[in-house]
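Only one structure is covered here, and it is reproduced in the block below.
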2 protein chains.
Amino acid sequence: MNIGQAAAASGVSAKMIRYYESIGLIPKTVRTESGYRVYSDHDVHTLRFIRRARDLGFSVDQIADLVSLWRDRERASKDVKAIALDHVNVLERKIRELQEMASTLKHLADHCCGDSRPHCPILEELASEEPLPVHPKPDARFGTLRKT
Amino acid sequence: MNIGQAAAASGVSAKMIRYYESIGLIPKTVRTESGYRVYSDHDVHTLRFIRRARDLGFSVDQIADLVSLWRDRERASKDVKAIALDHVNVLERKIRELQEMASTLKHLADHCCGDSRPHCPILEELASEEPLPVHPKPDARFGTLRKT
DNA sequence: TGTAATCCTTCCAATCATGGGAAGGTCAAG
DNA sequence: CTTGACCTTCCCATGATTGGAAGGATTACA
């Protein structure tokens with residue numbers, strides 16, 4: 001299988017496959033006489049594993065750890081779980097950050113008439129010397145996202 | 001005022017001030033004879049405006065638009081509001097993506113005992129040929145985030 | 001068999017916002 | 001006058017990904 005076919009079969013672009021090889025996430029493949037990379041079904045399986053981990057937002061470093069645990073039949077599941085929960089924490093922190101931005105911004109936009117006149121609370125707020133008002137109150141709807 | 005003082009007063013690092021100047025987000029400043037950049041209170045005010053916009057996650061391009069609207073006394077507030085709401089949409093889309101990842105991952109982690117044995121549903125799922133199960137059901141808790 | 005289209009290769013560059021650091025000039029305090 | 005803290009420019013790195021150029025290989029079709 002050529003790299004293009006492996007890409008189509010795995011959902012990882014040929015560009016990324018070469019990149020993953022270059023950084024050592026996947027081993028160097030066999031080549032044909034003319035230098036073409038050759039992939040097996042097993043390689044494609046690994047690539048699909050990587051793509052799934054990537055779709056869950058894992059970093060390449062974490063994916064490397066996950067792949068190595070996947071290959072290791074003696075692994076402890078707690079090591080896998082630790083990586084996963086670590087990543088959940090990162091995701092949730094990021095989510096809270098973005099929610100805070102969105103909430104503040106929606107609040108500001110709600111108070112802007114959005115017509116053809118120049119008066120605009122959004123700009124006023126950005127230009128203000130006061131600390132940015134951390135959205136009215138951390139809406140209870142988001143409470144379920146807290147880690148507690 | 002030197003760049004370091006402007007940085008301290010605005011909360012934008014000296015590095016970033018130079019960068020913003022280089023990309024044209026802020027105009028080139030006056031220099032002393034020896035080449036030091038000189039900043040006025042007005043410049044610092046602009047920098048603070050930029051920092052606030054940045055803290056709300058606006059891109060540099062959007063910030064440039066916001067600054068230009070801020071400067072424009074003839075602006076229409078709807079132009080500002082449009083930028084803000086556009087950005088809210090981007091933020092909310094990103095939030096939903098991250099929530100989907102976190103939710104899927106938490107679900108997987110919940111089913112992993114996390115002990116010293118090798119069996120691990122997280123790895124099994126990543127290695128599976130099935131489509132990633134988009135978390136059990138788009139939990140109603142997140143429904144309020146939908147754009148409708 | 002010729003040729004054109006479609007692959008593949010490597011290498012380099014760009015993204016986005018930010019930080020690190022080197023080499024060297026400037027300034028203020030002691 | 002020296003020392004330390006500032007400033008200058010320039011280059012590099014991040015992370016994951018895409019784009020493209022130049023050139024070789026393979027394939028398909030007439």
Side-chain angles (χ1 to χ4, degrees), chain A residues 1-26 28-39 43-44 47-67 86-87 90-91 94 97-98 101, chain B residues 1-26 28-40 43-44 47-67 86-87 90-91 93-94 97-98 101:
Chain A
M1 209 184 308
N2 281 341
I3 198 171
Q5 295 162 316
S10 67
V12 180
S13 73
K15 281 274 190 195
M16 289 311 296
I17 296 176
R18 293 193 197 96
Y19 172 69
Y20 289 153
E21 182 188 303
S22 81
I23 62 172
L25 177 56
I26 55 179
K28 295 193 177 166
T29 61
V30 181
R31 303 278 189 129
T32 65
E33 285 182 9
S34 55
Y36 283 21
R37 289 171 179 83
V38 175
Y39 296 89
D43 295 328
V44 169
L47 286 170
R48 242 185 261 134
F49 180 100
I50 290 172
R51 195 178 73 84
R52 280 167 170 254
R54 195 195 58 183
D55 287 348
L56 287 173
F58 284 104
S59 70
V60 165
D61 276 359
Q62 285 173 315
I63 295 176
D65 291 344
L66 289 171
V67 169
D86 246 34
H87 185 47
V90 170
L91 288 173
K94 191 71 192 170
E97 282 176 25
L98 297 181
M101 293 177 188
Chain B
M1 209 185 309
N2 281 341
I3 198 170
Q5 295 162 314
S10 67
V12 179
S13 72
K15 280 274 191 196
M16 289 312 296
I17 296 177
R18 293 193 197 97
Y19 171 69
Y20 290 154
E21 183 189 304
S22 81
I23 62 172
L25 178 57
I26 54 179
K28 295 193 174 165
T29 62
V30 180
R31 303 277 189 129
T32 65
E33 284 182 9
S34 55
Y36 283 23
R37 290 172 179 82
V38 177
Y39 296 89
S40 66
D43 294 328
V44 169
L47 285 169
R48 241 186 261 133
F49 179 99
I50 289 171
R51 196 180 73 83
R52 280 167 171 256
R54 195 196 57 182
D55 286 348
L56 288 173
F58 284 103
S59 70
V60 167
D61 275 359
Q62 285 175 315
I63 295 176
D65 291 344
L66 289 171
V67 170
D86 244 33
H87 184 47
V90 169
L91 289 172
R93 188 171 337 119
K94 192 71 192 169
E97 281 176 24
L98 297 181
M101 292 178 187

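Residue numbering restarts at 1 for every chain, and letters A, B, ... go by the order of the sequence lines.
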Handout entry: Under-3.5 Å donor-acceptor pair between B:Y36 side chain and C:dC27 base
Key = no
Practice task
Starting from the 5' end of DNA chain C, give me the residue, A:Y39 or B:K15, whose nearest nucleotide shows up first.
Solution key: A:Y39
Practice task
Would you classify A:F58 as touching base, sugar-phosphate or nothing, given that sugar-phosphate means primed atoms plus P, OP1 and OP2, and contacts are heavy atoms under 4.0 Å?
Solution key: nothing
Practice task
To the nearest Å, give me how far apart CD (A:Q5) and C1' (D:dT27) are.
Solution key: 12 Å
Practice task
Would you indicate what B:T32 reaches in the nucleic acid, counting non-hydrogen atoms under 4.0 angstrom: base, sugar-phosphate, or nothing?
Solution key: nothing
Exercise for the section: Starting at OG of B:S10, measure out to CD1 of B:I3 and round the result to the nearest 0.5 Å. Expected result: 9.0 Å
Problem - Pairwise side-chain contact, B:F58 with B:D65, heavy-atom cut-off 4.5 Å (strictly under) - result: no
Completion exercise
Rounded to whole Å, the CD-P distance (B:Q62 to C:dC16) equals 12 Å
Practice task
Measure the spacing between CZ of B:R18 and OG of B:S13 and express it to the nearest 0.5 Å.
Solution key: 8.5 Å
Problem - Phosphate OP1/OP2 of C:dT10: any A:R31 side-chain N/O under 4.0 Å - result: yes
Practice task
Look up atom CD in B:E97 and atom CG in A:L91, then write down how far apart they are to the nearest 0.5 Å.
Solution key: 11.0 Å
Problem - From CZ (A:R48) to CG (A:D43), nearest 0.5 Å - result: 11.5 Å
Handout entry: Nucleotide nearest A:R37 when distance is taken to its side chain, options D:dC7, D:dA16, C:dT10
Key = C:dT10
Problem - B:Y19 vs C:dG19: side-chain N/O to OP1/OP2 distance below 4.0 Å - result: no
Problem - Spacing of B:I50 atom CD1 relative to C:dT18 atom C1', expressed in whole Å - result: 15 Å
Completion exercise
Atom CD of B:E33 and atom C1' of C:dG25 are separated, to the nearest Å, by 15 Å
Practice task
Have a look at A:R54 and say if it touches a base, only the backbone sugar-phosphate, or nothing, with a 4.0 Å heavy-atom cut-off.
Solution key: sugar-phosphate
Exercise for the section: Please report, rounded to the nearest Å, how far the C1' atom of C:dT18 is from the CD1 atom of B:I17. Expected result: 14 Å
Problem - Presence of B:S34 side-chain N/O under 4.0 Å of D:dT8 phosphate oxygens OP1/OP2 - result: no
Fill in the blank from the handout: Here the distance between atom C1' of D:dC6 and atom CE of B:M1, to the nearest Å, is 16 Å
Practice task
Go through D:dT17, C:dG19, C:dC8 for me and flag the one nearest to the A:M16 side chain.
Solution key: D:dT17
Exercise for the section: For B:I3 and D:dA5, give me the distance from atom CD1 to atom P, rounded to whole Å. Expected result: 19 Å
Completion exercise
Whole-Å distance, B:R18 CZ to C:dG19 P, equals 12 Å
Problem - Phosphate contact (D:dT17 OP1 or OP2) by A:Y20 side-chain N/O below 4.0 Å - result: yes
